[in-house]
Number of protein chains: 2
Amino acid sequence: MGSYLPSENDFSEQFNTTRTTVRRALEELIREGYIVKEHGKGSKVLERSKFLGLLTVKGFYESSDFKVRTVVTKEPKITQWDPIIEFPLTEEERNSECVYFQRVRYIHKNAVVLENNWYSLHALEPIKSEEFVEGSFFKTLSQEYLIEITGSEQEFRAVRALEEVAKNLGIAVGDPILQICIRFRTSRSGLNLYGNLYCNTADYPIRNSYFL
Amino acid sequence: MGSYLPSENDFSEQFNTTRTTVRRALEELIREGYIVKEHGKGSKVLERSKFLGLLTVKGFYESSDFKVRTVVTKEPKITQWDPIIEFPLTEEERNSECVYFQRVRYIHKNAVVLENNWYSLHALEPIKSEEFVEGSFFKTLSQEYLIEITGSEQEFRAVRALEEVAKNLGIAVGDPILQICIRFRTSRSGLNLYGNLYCNTADYPIRNSYFL
DNA sequence: AAGTGGTCTAGACCACGCG
DNA sequence: GCGTGGTCTAGACCACTTT
């Protein structure tokens with residue numbers, strides 16, 4: 001913590017690769033908030049504030065201070081698209097049914113995020129939650145289907161919690177809540193994952209970082 | 001709109017540069033939400049939804065449908081650091097005074113964002129708002145001081161609007177509001193810019209995108 | 001087969017920080 | 001001066017899409 005990583009040249013020698021490739025790897029660490037680069041000095045390892053909840057494009061990840069536990073509250077089932085999705089669907093998606101499921105993310109004993117997810121049936125079969133690798137949908141996609149997340153678009157809004165959200169997150173109806181609408185793009189052509197997240201940011205704000 | 005850009009090879013020929021460099025430029029367009037890449041097909045130009053407010057690491061930018069107008073509501077002045085800043089200051093920053101100013105961002109006639117900004121006096125002199133190039137603080141840094149934004153970290157929270165925020169944004173006290181705490185890192189060593197933004201997302205959600 | 005983006009190697013030069 | 005990260009050239013090979 002507060003110390004510096006080996007230099008890019010050191011890494012490229014050590015792993016028999018080029019600086020370009022090392023830099024690509026470091027960019028990932030930067031985006032996830034683990035390091036910052038300092039021109040002329042090196043890559044500094046950051047202290048992780050213990051009250052921070054974190055979001056990456058691939059979902060949530062754990063800081064060293066807490067683990068995110070996920071509970072599936074609605075099993076994946078085939079249904080119609082929900083107009084709450086903020087992104088325009090492709091024609092193939094509109095003409096297909098979709099798979100919908102719902103999860104709640106916990107930190108310690110606290111429900112922090114209620115997450116709705118959809119994807120188009122034309123691009124990917126339904127996956128039961130029992131089949132989730134280590135309980136993770138994204139890990140399942142990666143390991144069982146060789147599908148990777150290639151990017152995402154997110155819309156942030158502050159809204160008042162409605163009944164369902166309030167109940168799941170243990171807050172009052174009308175409390176301010178952070179709504180994040182996400183479209184994940186994937187390495188499988190035609191497959192997008194849509195998410196609608198309600199985050200109780202009172203204790204765990206959502207963090208994003210960006211470099212270059 | 002909906003059409004494709006010339007290929008990366010075309011661009012690299014046309015501008016006498018390499019594909020690597022072209023790809024870096026395209027990454028910028030991706031992050032700002034102008035294009036998406038489709039493997040094997042090309043770089044697709046996106047339609048811009050007209051109700052979208054957008055945020056990049058460099059501040060706000062305009063979609064084709066509206067311009068963001070900025071009004072300085074509190075002139076830059078030298079003061080003490082405000083504990084509302086969510087990020088740990090460096091020792092040099094803590095030991096220095098800071099420059100603080102406040103702006104309101106308008107879209108059409110609507111006040112949409114109230115923005116507080118701070119930076120450390122030890123790293124940059126005070127800049128009067130009359131000196132802002134085209135009214136923009138970031139443009140001033142870039143053009144007059146050769147300081148570029150190299151990255152940022154953002155924390156998102158949904159909160160209730162307090163008096164000052166409500167008054168400036170024309171909403172009621174207690175209404176849900178999106179608070180974004182930002183630290184911008186810059187190419188000038190030791191200079192960070194801190195921001196505390198209150199966004200009325202009712203009509204203009206904040207958008208982010210990410211690739212690779 | 002041809003064209004696209006995705007990834008990688010190899011190497012150069014520059015700007016910044018520090019002793 | 002030297003080591004660091006920042007940027008760029010030049011070129012290779014692969015995976016995906018379309019014809």
Side-chain angles (χ1 to χ4, degrees), chain A residues 2-31 34-46 57 90-92 122-124 142 145-152 185-192 210-212, chain B residues 2-31 34-46 57 90-92 122-124 142 145-152 185-192 210-212:
Chain A
S3 57
Y4 288 85
L5 290 183
S7 75
E8 297 177 353
N9 282 316
D10 288 349
F11 274 130
S12 57
E13 266 189 45
Q14 187 178 340
F15 296 108
N16 284 308
T17 181
T18 56
R19 255 188 79 205
T20 311
T21 306
V22 170
R23 286 175 62 79
R24 269 189 63 86
L26 293 180
E27 283 170 22
E28 186 91 1
L29 296 178
I30 292 169
R31 277 193 299 268
Y34 290 110
I35 62 171
V36 286
K37 291 192 176 183
E38 294 174 358
H39 194 178
K41 298 174 76 175
S43 296
K44 183 157 69 176
V45 179
L46 292 178
V57 288
T90 64
E91 188 166 342
E92 284 148 329
H122 89 278
L124 179 65
S142 172
Y145 295 86
L146 304 177
I147 296 171
E148 301 296 335
I149 304 299
T150 56
S152 85
R185 301 191 185 258
T186 73
S187 55
R188 175 174 291 192
S189 172
L191 176 63
N192 296 310
Y210 164 84
F211 267 75
L212 294 198
Chain B
S3 56
Y4 288 84
L5 290 183
S7 75
E8 296 178 352
N9 283 315
D10 287 351
F11 273 130
S12 58
E13 267 190 43
Q14 188 178 338
F15 295 108
N16 284 307
T17 183
T18 57
R19 254 189 80 204
T20 310
T21 306
V22 170
R23 286 176 63 80
R24 270 190 62 86
L26 293 180
E27 281 169 23
E28 185 91 2
L29 296 178
I30 291 168
R31 276 194 299 268
Y34 289 110
I35 62 172
V36 286
K37 291 191 176 184
E38 294 174 357
H39 194 177
K41 298 173 78 175
S43 296
K44 185 156 71 172
V45 179
L46 292 177
V57 286
T90 65
E91 187 166 341
E92 284 149 330
H122 89 277
L124 179 66
S142 172
Y145 295 86
L146 305 178
I147 296 171
E148 302 296 334
I149 304 299
T150 56
S152 86
R185 300 190 185 259
T186 72
S187 56
R188 174 174 292 192
S189 172
L191 176 62
N192 296 309
Y210 165 84
F211 267 74
L212 292 198

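Each chain gets a letter, A, B and so on, in the order its sequence line appears, and its residues count up from 1.
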Give each protein N/O atom lying under 3.5 Å from an N/O atom of nucleotides 14-16 of chain C, with the pair distance.
from, atom 1, to, atom 2, distance (Å)
C:dA15, N3, A:His39, NE2, 3.0

[X] [atom1] to [N] [atom2]: how many Å, rounded?
{"X": "A:Leu191", "N": "D:dC16", "atom1": "CG", "atom2": "C1'", "value": "15 Å"}
{"X": "B:Ile35", "N": "C:dT4", "atom1": "CD1", "atom2": "P", "value": "15 Å"}
{"X": "B:Leu29", "N": "C:dG5", "atom1": "CG", "atom2": "P", "value": "13 Å"}
{"X": "A:Arg185", "N": "D:dC16", "atom1": "CZ", "atom2": "P", "value": "18 Å"}
{"X": "B:Glu148", "N": "D:dT7", "atom1": "CD", "atom2": "P", "value": "10 Å"}
{"X": "B:Arg24", "N": "D:dG6", "atom1": "CZ", "atom2": "P", "value": "10 Å"}
{"X": "A:Leu26", "N": "D:dT4", "atom1": "CG", "atom2": "P", "value": "13 Å"}
{"X": "A:Ile30", "N": "D:dG5", "atom1": "CD1", "atom2": "P", "value": "11 Å"}

Assign each of A:Glu38 and B:Glu38 the nucleotide of DNA chain C bearing its closest heavy atom; nearer the 5' end lies the nucleotide of B:Glu38
For the student: nearest non-hydrogen atoms of B:Gly190 and B:Ala123, plus distance: O-CB, 3.9 Å
Closest heavy-atom pair and its distance - B:Ile147, B:Leu124: CD1-CD1, 4.1 Å
Partner set under side-chain hydrogen bond (donor to acceptor under 3.5 Å, both in side chains) for [X], not counting sequence neighbours:
{"X": "A:Ser187", "answer": "none"}
{"X": "A:Thr18", "answer": "A:Thr21"}
{"X": "A:Lys41", "answer": "none"}

Which residues pass the side chain to side chain contact (heavy atoms under 4.5 Å, CB included) test with [X], not counting sequence neighbours?
{"X": "A:Glu92", "result": "A:Thr90, A:His122"}
{"X": "B:Ser142", "result": "B:Glu148"}
{"X": "A:His39", "result": "none"}

Pairs satisfying salt bridge (Lys or Arg N to Asp or Glu O under 4.0 Å), at least one member in residues 6-21 of chain B, at least two apart: B:Glu8-B:Arg19, B:Glu8-B:Arg23, B:Glu8-B:Lys37
Any donor-acceptor pair under 3.5 Å from B:Thr186 side chain to B:Leu191 backbone: yes
Between the side chains of B:Glu27 and B:Arg24, is the shortest nitrogen-to-carboxylate-oxygen separation below 4.0 Å, so that they form an ion pair? no
Please determine whether a side-chain nitrogen or oxygen atom of B:Lys37 lies at a distance below 4.0 Å from atom OP1 or OP2 of C:dG6. yes
Which of residues 6-15 of chain B sit near DNA chain C, with a heavy atom under 4.0 Å from it? B:Ser7, B:Glu8
Could you write out each protein N or O paired with an N or O of nucleotides 9-11 of chain C at a distance under 3.5 Å?
from, atom 1, to, atom 2, distance (Å)
C:dT9, OP1, A:Thr17, OG1, 3.0
C:dT9, OP2, A:Thr17, OG1, 2.6
C:dT9, OP2, A:Thr18, N, 3.4
C:dT9, OP2, A:Thr18, OG1, 2.9
C:dT9, OP2, A:Thr21, OG1, 2.3

